[in-house]
*Asks:* 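One structure is given below, represented as structure tokens, and several questions about it will come after.
Numbers restart at 1 for each chain; the letters A, B, ... are given by sequence-line order, proteins then strands. Values below: all heavy atoms of this structure, side chains included; hydrogens, waters and symmetry mates excluded.
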Amino acid sequence: MAYWLLKSEPDVFGYPDLERVQKEPWNGVRNYQARNHLRSMQEGDLAFFYHSNSNPSGIAGICKIARSAYPDNLQFDPESKYFDPKSTSENPRWSMVDVVPVRALPLLSLETLRSLPELSDMLLLRKGNRLSVMPVTEAEWKAILDHVDSISAPAT
DNA sequence: GCCAACGTTGGC
DNA sequence: GCCAACGTTGGC
């Protein structure tokens with residue numbers, strides 16, 4: 001099983017929205033690197049749900065990949081801003097996965113994440129990173145959840 | 001709203 | 001295949 005991180009702007013679609021709808025097709029990804037990560041996902045993989053362009057930005061929850069990659073419907077919709085006239089149904093250019101909520105987390109801000117030494121090499125925290133879908137290592141995943149445990153149940 | 005850091009496009 | 005111009009992302 002692999003771990004991932006998905007970015008979304010909470011003004012558009014935040015973690016609470018995922019809890020409300022219970023299942024969401026992760027469409028609209030139009031970057032090849034991000035798409036390739038989507039295509040690498042397997043059902044059952046877990047992902048951090050990251051709020052970008054927010055105040056503060058950070059990890060807001062955990063979601064699960066409920067369906068592995070299949071063609072993104074919006075690429076064929078001329079009315080959509082994600083329409084891609086160069087994509088064909090025989091050879092769809094863009095993919096999406098379905099995600100379902102797992103649990104909300106107390107918002108882990110970028111500042112908090114940067115303060116954890118275990119995350120010093122995390123892709124998300126690297127300068128200039130703009131990827132909206134990226135892998136998370138098992139060590140990073142555990143370090144973040146350990147931190148969540150430490151703030152929700154302080155050591156006695 | 002600014003702007004740095006990318007990614008994409010298209011002329012050549 | 002280079003690279004300038006342009007568009008987008010996302011923190012601040």
Side-chain angles (χ1 to χ4, degrees), chain A residues 2-21 24-41 45-65 68-137 139-141 143-148 150-151:
Chain A
Y3 299 101
W4 309 94
L5 182 142
L6 298 170
K7 287 183 186 174
S8 183
E9 301 194 18
D11 290 349
V12 180
F13 189 86
Y15 188 77
D17 296 308
L18 181 60
E19 288 193 324
R20 183 169 44 79
V21 300
E24 178 74 2
W26 207 262
N27 51 24
V29 170
R30 293 295 179 271
N31 168 286
Y32 287 103
Q33 219 181 329
R35 180 206 68 181
N36 292 342
H37 288 316
L38 286 178
R39 289 183 177 177
S40 299
M41 291 177 178
D45 283 358
L46 294 173
F48 286 126
F49 193 114
Y50 179 87
H51 285 177
S52 63
N53 258 316
S54 188
N55 190 19
S57 295
I59 292 171
I62 295 175
C63 56
K64 186 166 74 176
I65 310 307
S68 59
Y70 60 109
D72 181 334
N73 55 313
L74 299 182
Q75 68 194 309
F76 305 121
D77 178 3
E79 302 299 311
S80 170
K81 72 169 182 171
Y82 297 112
F83 177 60
D84 184 345
K86 293 178 183 167
S87 187
T88 63
S89 51
E90 292 77 24
N91 187 19
R93 183 178 287 191
W94 306 110
S95 301
M96 62 183 178
V97 299
D98 286 350
V99 303
V100 296
V102 174
R103 61 181 280 214
L105 295 175
L107 190 90
L108 301 163
S109 69
L110 268 184
E111 186 185 10
T112 298
L113 296 172
R114 287 191 202 283
S115 75
L116 301 179
E118 300 93 331
L119 303 182
S120 56
D121 291 331
M122 193 179 184
L123 205 52
L124 173 73
L125 304 179
R126 286 190 203 158
K127 187 178 174 184
N129 170 62
R130 298 186 327 188
L131 258 191
S132 64
V133 181
M134 68 184 87
V136 172
T137 68
E140 290 161 352
W141 184 272
I144 290 168
L145 289 190
D146 281 351
H147 179 72
V148 170
S150 75
I151 55 179

*Asks:* Taking 4.0 Å as the cut-off, does a side-chain nitrogen or oxygen of A/S57 come that near to OP1 or OP2 on C/dG11?
*Replies:*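 Indeed, a polar side-chain atom of A/S57 lies that close.
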
*Asks:* Whole angstrom is fine here: how far is it from CG in A/N31 over to P in C/dG7?
*Replies:*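 Those two atoms, CG and P, are 18 Å apart.
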
*Asks:* To the nearest Å, how far apart are A/H37 NE2 and B/dG7 P?
*Replies:*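 Computing the A/H37:NE2 to B/dG7:P distance gives 11 Å.
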
*Asks:* Under 4.0 Å between any heavy atoms, over every strand shown, what does A/N55 touch: base, sugar-phosphate, or nothing? Just pick one.
*Replies:*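 A/N55: no heavy atom of the nucleic acid under 4.0 Å.
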
*Asks:* Identify the two heavy atoms, one from A/E24 and one from A/V21, that lie closest to each other, and give their separation to 0.1 Å.
*Replies:*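 Result for this residue pair: OE1-CG2, 3.9 Å.
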
*Asks:* Is A/Y50 close enough to C/dG11 that one of its side-chain N or O atoms is under 4.0 Å from OP1 or OP2 there?
*Replies:*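 Yes.
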
*Asks:* Between atom CZ in A/R30 and atom P in B/dT8, what is the gap in whole Å?
*Replies:*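 One finds 13 Å between P of B/dT8 and CZ of A/R30, rounded.
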
*Asks:* Using atom CG of A/L124 as one end and atom P of C/dT9 as the other, report the distance to the nearest whole Å.
*Replies:*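 My rounded result for the distance is 16 Å.
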
*Asks:* Separation of A/D84 atom CG from B/dT9 atom C1', in whole Å?
*Replies:*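 So the CG-C1' distance, A/D84 to B/dT9, works out to 13 Å.
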
*Asks:* Report the nucleotide, chosen from B/dG10, B/dG7, C/dG10, that has the shortest atom-to-atom distance to any side-chain atom of A/K86.
*Replies:*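 For the A/K86 side chain, the nearest candidate turns out to be B/dG10.
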
*Asks:* So, does A/K127 get its side chain near the phosphate of B/dA5, meaning an N or O under 4.0 Å from OP1 or OP2?
*Replies:*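 Yes.
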
*Asks:* To the nearest angstrom, how far is A/Y82 atom OH from C/dT8 atom P?
*Replies:*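 Value for this atom pair: 11 Å.
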
*Asks:* A/F13 vs A/W26 aromatic rings, parallel, tilted or perpendicular, using cut-offs 30° and 60°?
*Replies:*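 The arrangement is perpendicular - the two ring planes meet at more than 60°.
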
*Asks:* Please determine whether side-chain contact (heavy atoms from CB on, under 4.5 Å) holds for the pair A/F48 and A/W141, giving the CA-CA distance in whole Å, both sets of side-chain angles, and the decisive distance to 0.1 Å.
*Replies:* CA-CA 9 Å; A/F48 286 126; A/W141 184 272; 3.2 Å; yes

*Asks:* Please figure out whether A/Y32 or A/G128 has its closest DNA chain B nucleotide nearer the 5' end.
*Replies:*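 Its nucleotide being nearer the 5' end, the pick is A/G128.
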
*Asks:* Calculate the interatomic distance between A/E9 atom CD and C/dT8 atom C1'; express it in whole Å.
*Replies:*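 Value for this atom pair: 11 Å.
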
*Asks:* For A/D98 and A/Y70, does a side-chain donor sit closer than 3.5 Å to a side-chain acceptor?
*Replies:*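 There is such a pair between these side chains.
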
*Asks:* Closest nucleotide of DNA chain B for A/N53 versus for A/R130: which of these residues is on the 5' side?
*Replies:*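 So the residue in question is A/N53.
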
*Asks:* Rounded to the nearest angstrom, tell me the gap between atom CG in A/N129 and atom C1' in B/dG7.
*Replies:*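 Distance check: A/N129 CG to B/dG7 C1' gives 13 Å.
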
*Asks:* Is A/R35 reaching over with its side chain to a backbone N or O of A/R30, donor-acceptor style, under 3.5 angstrom?
*Replies:*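 No, the answer is negative, given that no donor and acceptor are paired below the 3.5 Å cut-off.
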
